[in-house]
Structure formats: C-alpha cells, structure tokens
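Written below as structure tokens is the structure these notes are about.
In each ligand, atom 1 is the first atom listed, and ligand 1 is the first ligand listed.
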Amino acid sequence: MCPVESMPRVSSRYDGLGVGFAPYLQPPGPEVVRWTVGEPGFDTPKEIIDAAIGGLEDGNTKYTRGPGSIELCEAVAEYLEQHHRIIASAEDIVVTPGAKQALLYSFMITTMPGDEAILLAPSWASYEPMLEFIGAVPVHVPVNMENFHPDLDGIRNAITERTRMILINSPCNPTGAVFTPEEMSEIVQIAVDNDLWIVSDEIYARMVWVDWPHVSPATLPGGRERTIVINGWSKSWAMTGMRVGFLTGPTEAVRAAKKSQANSASHIPTFLMEAARVALSCEESVEKFNREYLKRREIMQKGLSSIPGIRVPEPEGAFYVFADISGTGMSDIEFADGALEAGVQLIPASLITGGDGFVRISYAADEDAILEGLSRIRAWLLDE
Ligand code: PLP
C-alpha cells in the first residue's frame, strides 16, 4: 500500500459521511445472539436458486437490456398491480442492483445539491448519508414517539422553498410503523399542495401485521404523478445477497432512472433476471415466511414487554421491534453495550437522528435465537 502522505486527497464528499448502524452490525463471536441484522432468517426458496443456476448454465452472462429483461419488467408490473394496486407498464420498471441503488437514483432524480428532502425521523440509517452523498440536505421531522406515526403538521411546518421531496418508508425500518391509508392520503395532499416528489420505499410492503393495509401513495389521487416507488426482493423473498430491487414512477422519472442506470451499473447480473422473475410467483414462500415472522414477533413482543423498564410499542409491520429502554435508566448505548456483554447484539438507535432512548431489534432471527436472547436479557436485567 502507498504511504498516506503520497496519496492524493479523497474528495470532500466523504468527509463526515455516516455509515449508519455499521459499528453495531459487526459479526460478534458465535456465542453472541444477533438481533441486529435486517435479513430474513430463511434460505432463499429453491425455485429461485435453481433459476439463478439455470441462468448461468444457459449462458446468460452477457450484457443485456439495462432496466431488466422485458419478461422480468412485465412480471414486476403485474405483481405491482396484483398486490399493491399500482398501475405501471413494463416500460415503467427499472430493475436495479438492490433497492438501495433505486433509492440513490430516486434521490438524484428528485433533488439537486442544496435541495431539502424530508425524512420522518427516526428513519432507515442509509437515507441520510445517501442524500448527503449527492449534496442534498436531509431535514428530519420527528414522528410521534408513542406509535411512530407521522406528525402531519410537523411535515407541513418543515417545508421551505428548498424542499423537493418527502421520503416515506411504510412499513418502516426501524420502527415497524405502518402508516394508515388516511395518513398516506394526507401526505400525498401535502406533496400536491407544495408540488413535492414522494419517494416511497415499500420494501416491507408484504409484511403488514395490523388491520389496515399498506397503501402506496402512487395509488392515491394526485400521488401517481409525483411518487417514485422503491421495492425489491431482499426481504420478502430472502434474497438480500442477490442484490435485486426496482423502481417505478412517472414516465419522466423512469426515463431519468434509466439514464442513471445506463451510466453506472448498466443492469443487474443477467443470469439473475429469470431468478427474480420466478421469485414473483413464489407466493407460498412469502406467506410461509410471514407466518413465521408473526410467531416470532409475538414471542419477541411478549418477552420484551414483560421486562420492567422496556416499553414496546406495537410492531405493526416489517420485522423490527423499536423498544423504548429509557425506563431502565440507561442510555441506549449503555443498554446495547450491556446487552452485548450479556451475549445479545442489538442496535442503539441514537446512532440515527431521532432514535435516542430506543433500541432496534430484528426478529428476523430464528425462534431459538429470540428465546435465548430473551433469557439472557432477563438474566442481565433481572438477575434471573
Ligand atoms: N430500504 C429499507 C427500509 C431497508 O431496510 C433496506 C435494507 O435493509 C433497503 C431499503 C435495502 O434493500 P436492498 O437489499 O434491496 O438494497
């Protein structure tokens, strides 16, 4: 490696750029129970693996259509209509290397350097650094910390002449909140009134555990022409490492997304296109995973709620519990460090804006890890 003094300077774009939860996501020793990773604790369904291997064996290893094969884009469009009532044609779909890349394109499409984007805090750890990366300015509007639902007046009050976009993530990582259809309508109305874009990260849209449905702002009056919908295969199909996501939105936005992809990633791996298409018909697996998550959620929610000092607002969707640990008298960092010593890895939420006094716990881990973690936390806090 070159001596540091002889190196040119890395651009200032990276100065102070955050890395979210990364310090607490380091794999600990095997004796530690991990409640940290936002990754399904299931194997990728076999049909999907077989399609990926088949894709390689069929020689699908060359450059191809940038937004994804037309068959894949058609399947995505059908899926969106069937499951989320979102109307899009195959030409309106851009399949990207993970939802993360689709988010980056959507931020580039909706903001210029210096423009403001509204985040509902606490929000997923990557949004803020990703916006800062391209010179946009994240403006955090705290949610109601009793139930993590949006503060609509707070959003209205945060809008300035530099605001260009509101980012919504429902079901939410880290809080699990699922915004009600009425809240979604209000947010769309605010965007319409102020001529703002909405970027709607719907990656957990199939994981809703409450009585009201996930409603995409793209399906609401005034929403379609200003919403870029982000989604992907990582969560509901247990395909995190395959790096496949997608976006859809109004024609001009999609055209810009295609340009973004053509000038950066080109496309997802060609042999994964058929695997992603096959995944969209693996309904049984999605439903089986969901039944498991529901069971795990209940065990985690009950187990944590029974510990004095821990408040667990209802985890409405996704696979996270966002627990208020302020009643233990510890800061969230002290709590997370103490838990790690007790053999449980979890995330102190003060690492992200608006998360002070809370910890994020993923119940995507298997049931044994949940039960073992609960007994370790009880032993630590209650001397059991
Ligand atoms: N959006 C949210 C809210 C997430 O929690 C995640 C992953 O943790 C992503 C996007 C990224 O998904 P992908 O793996 O498709 O890049």
Checklist entry - Can we call the ring centroids of Trp380 and Phe335 under 6.0 Å apart? => result yes
Checklist entry - Does a side-chain heavy-atom distance below 4.5 Å link Glu128 with His140? => result yes
Checklist outcome for this item: Trp209 meets the ring-ring contact (aromatic ring centres under 6.0 Å, His included) criterion, sequence neighbours left out, with none
Please produce the table of protein N or O atoms sitting under 3.5 Å from N or O atoms belonging to ligand 1, one pair a line, distance to 0.1 Å.
from, atom 1, to, atom 2, distance (Å)
ligand 1, 1 (N), Asp201, OD2, 2.6
ligand 1, 5 (O), Asn173, ND2, 2.8
ligand 1, 5 (O), Tyr204, OH, 2.8
ligand 1, 8 (O), Lys235, NZ, 2.7
ligand 1, 14 (O), Ser234, OG, 2.7
ligand 1, 14 (O), Arg243, NH1, 2.7
ligand 1, 15 (O), Ala99, N, 2.7
ligand 1, 15 (O), Ser234, OG, 3.2
ligand 1, 16 (O), Ala99, N, 3.2
ligand 1, 16 (O), Lys100, N, 3.0
ligand 1, 16 (O), Arg243, NH2, 2.7

Checklist entry - What residues form a ring-ring contact (aromatic ring centres under 6.0 Å, His included) with Tyr363, not counting sequence neighbours? => result none
Checklist entry - Looking at residues at least two apart in the chain, or sitting in another chain, which of them share a ring-ring contact (aromatic ring centres under 6.0 Å, His included) with Tyr14? => result Phe133
Item to check | Neighbour count >12 (heavy atoms, 6.0 Å) for atom CD, Glu334 | outcome: yes
